[in-house]
Each structure stands twice: as C-alpha cells, then as structure tokens.
Amino acid sequence: MVSKGPLLRLLTAINRRRMKLLMGLAFVAYVAFSLKEKPSDCLFFGFGKKMEEERNCRPWVKGVMLFPIAQLMNLVILQLLLGPDLDGPVKWFCDASVWGNFVNMRSLQENGDQKVESRIEEAVAPLREKIKDLEKSFTQKYPPVKFLSEKDRKRILITGGAGFVGSHLTDKLMMDGHEVTVVDNFFTGRKRNVEHWIGHENFELINHDVVEPLYIEVVYNPVLGKLLAAIFTVNKSSNLPMDQIYHLASPASPPNYMYNPIKTLKTNTIGTLNMLGLAKRVGARLLLASTSEVYGDPEVHPQNEDYWGHVNPIGPRACYDEGKRVAETMCYAYMKQEGVEVRVARIFNTFGPRMHMNDGRVVSNFILQALQGEPLTVYGSGTQTRAFQYVSDLVNGLVALMNSNVSSPVNLGNPEEHTILEFAQLIKKLVGSGSEIQFLSEAQDDPQKRKPDIRKAKLLLGWEPVICLPFCKPDESFEGYGT
C-alpha cells in the first residue's frame with residue numbers, strides 16, 4: 001500500500017510547477033504590455049531606492065485607483081515566482097506609510113486639478129464678459145412692429161424690395177405687422193436698404209432675378225384663400241385677408257434702364273409675366289408699379305389716367321416706356337382671362353432717402369454736383385417741368401391702392417409743378433454751393449412737361465401727398481411742409 005505522504009508531496013510539486021508556469025506566462029505578458037506602454041524603468045513602480053522618481057513614471061496608469069492594484073499585481077507575481085524570499089516587499093506594501101504616500105499623492109493630484117481649473121476659470125472669466133458685451137452690442141434692434149392677429153396679418157411679396165421705393169415700402173409693411181418677403185437681384189437695389197430687418201421673424205430676403213420663374217408660395221392655402229375671399233366679398237368694406245404681391249422690380253432711372261435695354265425689356269415683360277403666373281397660382285393680388293413714362297412726351301397737360309400717351313416706340317427710352325406699357329397690358333389680360341386681381345399705379349417723379357447718388361436722376365444729380373462744387377448740368381433750356389413727390393407719400397399711396405377695390409390705373413404723384421432750372425437753383429441755395437449752372441444739349445425724347453392729375457386718387461383712395469417741397473406754398477391740398 002502506497003503511503004499518502006509522498007503522493008501528496010508529488011501532487012503539490014506538480015501543482016506548484018503548473019502555478020509557476022501559469023504565473024510566469026502572466027508575468028511575461030504583463031512585462032510585454034508594460035514595455036509597450038512605457039520604458040522598463042517604469043515597470044515596477046514602488047520598489048527600489050528611486051521610489052519617488054519611479055512613481056512619476058506612471059502616467060500610463062488610467063486613473064489613481066489603479067496604482068495599488070498595479071502594486072499588488074507586482075508583488076503577487078514576484079511572490080509566486082520567487083517564493084518566501086519576497087517577504088520584505090510584501091511587508092513594505094502592507095506598511096501604512098505606503099498607503100499614506102498614496103493618499104498624499106492622490107490629495108496632491110486633486111489639489112493640482114483644482115488649481116488648474118481655478119486658473120482656467122480666471123483666464124476664461126474676462127473672455128466671457130467680453131462675449132456678453134459683444135452680444136449686447138450686436139443684438140439686432142428692430143424698428144417698432146405692430147402686432148397683428150393671424151386673421152389680419154398678410155403675407156406679402158415685394159419684388160425690387162431692396163431698391164429706393166421698395167425698401168421704404170418694406171419698412172411700412174413690416175411696421176404694420178405683416179410678413180414680408182423681399183425679392184431682389186441687387187442690380188440697382190442694395191442690401192443695406194433692408195439690413196435692419198434681417199433676422200426678424202416676419203422678414204425674409206431672397207436674391208433672385210424675376211426674369212427667372214420664382215417658385216414660392218406666398219399664401220398658406222390657396223383654396224382657403226379663395227374661400228375667404230369669396231366670403232369677404234359680401235362686405236366690400238371689410239379688410240380682405242388676402243395675400244399680396246407688390247411688383248416693383250425694374251431699373252427706373254434713365255442711365256440704369258438704358259445701360260442694358262434688353263434686360264430692361266425682359267424685366268418688365270417676362271418678369272411681370274412670371275409674377276402674374278405666381279399670383280394666379282397662389283390666389284394673390286398683384287400691384288404693378290408702372291410709371292408716368294407711359295405718357296411719353298405728353299400732348300395733354302396735366303396727364304390723367306384716360307390719356308393714352310405719346311411715346312416713341314424706337315427711341316432710347318422705349319425699353320422702359322414700352323416695357324411698362326406691355327406690363328400693364330399683361331396685367332389686364334390676366335385679370336380678364338384668369339381672374340387675377342390686379343392694381344396698377346402710375347408713379348411720377350419721387351425723391352427721398354436711399355436714392356443712389358449716381359443713378360442719374362435730377363434731384364440726386366444736382367445734390368451730388370452741388371456738394372462736390374461741380375457745375376449743375378441742365379439739359380436743354382431748363383424749362384422742362386417736373387412734379388416731385390416725397391417717397392413716404394408714394395408708399396402710402398401704394399398701400400392704399402393695393403387695399404382698395406380700384407382695378408384701373410391710378411396716378412400717384414405731386415401736382416406741384418416746377419421747372420428743372422428752379423430745382424437746380426433751389427438745391428444750389430440749400431446746399432450753399434458756389435457751383436455754376438451749366439446748360440447742355442437736350443436729351444432725346446426728354447418730356448417737356450410732366451404733371452399728374454390725381455383727382456382719381458383723391459376721390460377713390462382718399463389719398464394725396466402731404467409733404468411739400470421747400471419752395472412751394474401750403475394750401476388746401478397739403479397738410480404742411482416736409483423735410
């Protein structure tokens with residue numbers, strides 16, 4: 001019978017060898033991993049004479065709590081491999097001073113992190129204050145806007161809305177509380193004319209040429225819009241909740257519309273056709289900004305809406321004159337054939353802020369020349385007459401016409417008539433300029449007389465200009481002088 005003692009010692013020796021083999025393999029893997037991450041002098045941190053230096057070699061340990069685990073792992077592996085000869089290191093690990101060092105190190109690290117965060121906060125605090133100041137300085141301050149209910153608020157599209165007249169119309173409609181979409185290709189318009197509305201929830205600016213079709217819905221629901229229109233036509237005095245298109249897109253000064261006559265013709269014909277198609281599709285009402293140029297060089301004075309005009313169809317101004325005449329024809333063709341609601345405003349000479357100084361119009365030309373000390377150029381004898389209205393009067397007239405039931409053309413202008421020479425002398429006096437008045441040869445097809453008959457606007461719209469030029473006398477037709 002075999003004794004149990006030798007057998008147990010044999011099994012113990014085999015198990016011990018297996019354990020040493022397994023732990024040896026683990027140790028090799030552990031060493032290989034450690035050497036891959038950091039040099040070998042950082043492998044067994046916590047042992048040796050340079051303990052404090054070696055502790056600084058542990059950046060690869062992910063987190064402070066891994067430090068004692070790594071220490072214990074080192075000791076267990078060495079204990080298994082070297083046997084009882086490693087009592088010293090084990091006792092060293094169990095020494096309270098080691099744990100004290102670890103706690104101190106962790107405390108130092110936390111304090112260091114707090115100091116870093118504190119310094120970052122000190123550096124960032126002034127930047128935050130500067131950002132707040134910048135946000136306050138750049139905060140958009142919009143002009144006051146009236147609040148309208150959903151029923152009363154309209155969605156309005158303005159072509160040429162960044163131009164001289166269009167931008168003032170945009171201001172009025174926005175301040176009245178409506179939703180306004182401006183479409184402009186910025187040929188003569190400028191973004192800065194409407195930049196004070198950019199970002200407002202009721203405003204949208206689209207860079208687009210009306211010669212190309214515009215696929216935009218300016219009503220919420222065309223069927224609902226027509227239904228509401230049918231309901232509200234029962235009461236003619238009620239405010240129709242219909243969406244509107246103001247079609248103002250076109251160069252208006254002679255130098256601008258003569259610069260590219262074919263483009264001017266396309267804008268006034270194809271552009272108008274596209275806007276009428278849009279109005280038909282969405283059930284909107286369209287107002288065409290026509291011009292007193294449809295009267296040409298008139299033989300009737302003053303000009304009323306029944307006068308057919310006297311226009312040279314092949315002259316240098318024909319691209320604009322005839323373009324607007326065709327646009328009017330298109331409007332009434334769409335009204336008769338497609339049932340589109342149209343309004344036509346024949347606009348006479350207008351002046352005011354946001355006129356481009358180099359657009360070639362009489363007022364802006366004289367002001368620029370007077371300010372620069374250059375001669376004021378008058379074409380012809382200066383006896384040609386014009387009637388200038390202020391832009392705010394025109395805008396009020398456009399809105400009144402759009403919201404009226406008048407579908408026939410309406411003159412919008414100032415009936416106060418003065419010669420070009422009088423305008424030159426007035427501006428020279430107001431500017432205080434020593435400029436001379438220089439007479440040049442008369443321009444071809446330049447109208448000799450221009451004065452609107454506004455009796456129709458007074459009677460049907462209740463509109464007339466209220467701002468008078470500085471040299472005119474206030475009478476029963478005007479409420480007072482303007483600036």
Under 3.5 Å donor-acceptor, Glu328 side chain and Val326 backbone
no

Test of ring centre spacing under 6.0 Å for Phe423 and Phe388:
yes

State plainly whether the residues Arg455 and Glu305 are in salt-bridge range, i.e. N to O under 4.0 Å.
no

Can you list the steps and then say if Arg285 with Asp243 is a side-chain contact (heavy atoms from CB on, under 4.5 Å)?
CA-CA 7 Å; Arg285 177 182 293 176; Asp243 296 284; over 6 Å; no

Have His247 and Thr272 got a donor and an acceptor in their side chains that come within less than 3.5 Å?
yes

Counting N and O atoms only, with roles assigned by atom type, does the side chain of Lys456 sit under 3.5 Å from a partner on the main chain of Pro409, one being a donor and the other an acceptor?
yes

Taken to the nearest 0.5 Å, the spacing of Ser364 OG from Met355 CE works out to 4.5 Å

Could you tell me if Gln303 and Ser292 have a donor-acceptor pair between their side chains, going purely by distance under 3.5 Å?
no

Donor on one side chain, acceptor on other, Arg361 and Ser253, under 3.5 Å:
no

As an exercise, state the distance from CG of Leu459 to CD of Glu464, rounded to the nearest 0.5 Å.
12.0 Å

Give a yes or no on whether the backbone of Pro251 and the side-chain of Asn256 come within a donor-acceptor separation of less than 3.5 Å.
no

Tell me the closest heavy-atom pair linking Asn274 and Pro213, and the distance in Å.
ND2-N, 3.7 Å

Is there a side-chain contact between His418 and Lys451, using heavy atoms and a 4.5 Å cut-off?
no

Asp176 and Lys146: CA distance, side-chain angles, deciding distance, side-chain contact (heavy atoms from CB on, under 4.5 Å) verdict
CA-CA 5 Å; Asp176 285 346; Lys146 181 181 178 182; 5.5 Å; no

State which residues pass ring pair (Phe, Tyr, Trp, His ring centres under 6.0 Å) with Phe348; sequence neighbours excluded, sorted by chain then number.
none

Salt bridge (Lys or Arg N to Asp or Glu O under 4.0 Å) against Arg128, all qualifying residues, sequence neighbours excluded:
Glu121

If you define the side chain from C-beta out and look only at heavy atoms, does anything of Ile454 sit under 4.5 Å from Leu412?
no

Whether His310 side chain and Gly296 backbone form a donor-acceptor pair below 3.5 Å:
no

Side-chain touch Leu157/Val180, heavy atoms, less than 4.5 angstrom:
no

Between Gln244 and Asn403, is there a side-chain donor-acceptor contact under 3.5 Å, judged purely by atom types and distance?
yes

Could you check whether any side-chain N or O of Asn193 sits under 3.5 Å from a backbone N or O of Glu195, counting only pairs where one atom can act as donor and the other as acceptor?
no

Would you please say whether a donor-acceptor pair under 3.5 Å links the side chains of Arg346 and Tyr295?
yes

Pick from Asn411, Thr291, Leu398: which one makes a side chain to side chain contact (heavy atoms under 4.5 Å, CB included) with Ile347?
Leu398

Check: Asp171/Trp197 side-chain N/O donor and acceptor closer than 3.5 Å
yes

Side chains of Glu417 and Thr385: do they bring a donor and an acceptor to under 3.5 Å?
yes

Set of side-chain hydrogen bond (donor to acceptor under 3.5 Å, both in side chains) partners for Glu338, sequence neighbours left out
Lys280

What heavy-atom pair brings Val410 and Val406 nearest, and what distance separates the two atoms?
CG2-CG1, 3.8 Å

Would you say the side-chain atoms of Tyr307 pair up with the backbone N or O of Glu299, donor to acceptor, closer than 3.5 Å?
yes

When rounded to the nearest 0.5 Å, the distance separating CG of Asn202 from CG of Leu173 is 11.5 Å

Could you tell me if Asp321 and Tyr257 have a donor-acceptor pair between their side chains, going purely by distance under 3.5 Å?
no

Working to the nearest 0.5 angstrom, can you tell me the gap between Thr170 OG1 and Phe203 CZ?
6.0 Å

Under 4.5 Å between any side-chain heavy atoms of Leu394 and Pro465, yes or no?
no

With a 3.5 Å cut-off and no angle check, do the side chains of Ser392 and Lys172 form a donor-acceptor pair?
no

For the pair Asp209 (side chain) and Glu212 (backbone), establish whether a donor and an acceptor sit closer than 3.5 Å, ignoring hydrogens and angles.
no

Mind running side chain to side chain donor-acceptor pair (under 3.5 Å) on Gln448 and Glu442 for me, showing each step along the way?
CA-CA 10 Å; Gln448 295 301 305; Glu442 187 175 352; 2.3 Å; yes

By the definition side chain to side chain donor-acceptor pair (under 3.5 Å), identify the one residue from Lys324, Glu322, Arg325 that meets it with Asn268.
Lys324

Check step by step if side-chain contact (heavy atoms from CB on, under 4.5 Å) holds for Phe366 and Val431.
CA-CA 10 Å; Phe366 286 164; Val431 174; over 6 Å; no

Say whether, by atom type as modelled, one donor and one acceptor occur between the side chain of Gln369 and the main chain of Thr377 under 3.5 angstrom.
yes

Kindly give the heavy-atom pair with the smallest separation between Pro143 and Met175, and that separation in Å.
CB-SD, 4.1 Å

Has the side chain of His208 got a donor or acceptor atom that lies under 3.5 Å from a matching backbone atom of Val182?
no

Quick one: does Val294's side chain get under 4.5 Å of Val311's, heavy atoms only?
no

Which class fits the ring pair Phe351 and Tyr390: parallel under 30°, tilted 30 to 60°, perpendicular over 60°?
perpendicular

What one should report as the nearest heavy-atom pair of Asp184 and Gly163 is OD2-N, 3.6 Å

Would Glu374 and Ser435 count as a side chain to side chain donor-acceptor pair (under 3.5 Å) if you check the C-alpha gap in whole Å, the side-chain angles of each, and the deciding distance to 0.1 Å?
CA-CA 6 Å; Glu374 299 176 355; Ser435 300; over 6 Å; no

When you look at Arg343 and Ser407, which way does the side chain to side chain donor-acceptor pair (under 3.5 Å) test go after all the steps?
CA-CA 5 Å; Arg343 303 288 183 265; Ser407 59; 5.1 Å; no

Which atoms form the tightest heavy-atom contact between Val340 and Ala279, and what is the distance?
CG1-CB, 4.0 Å

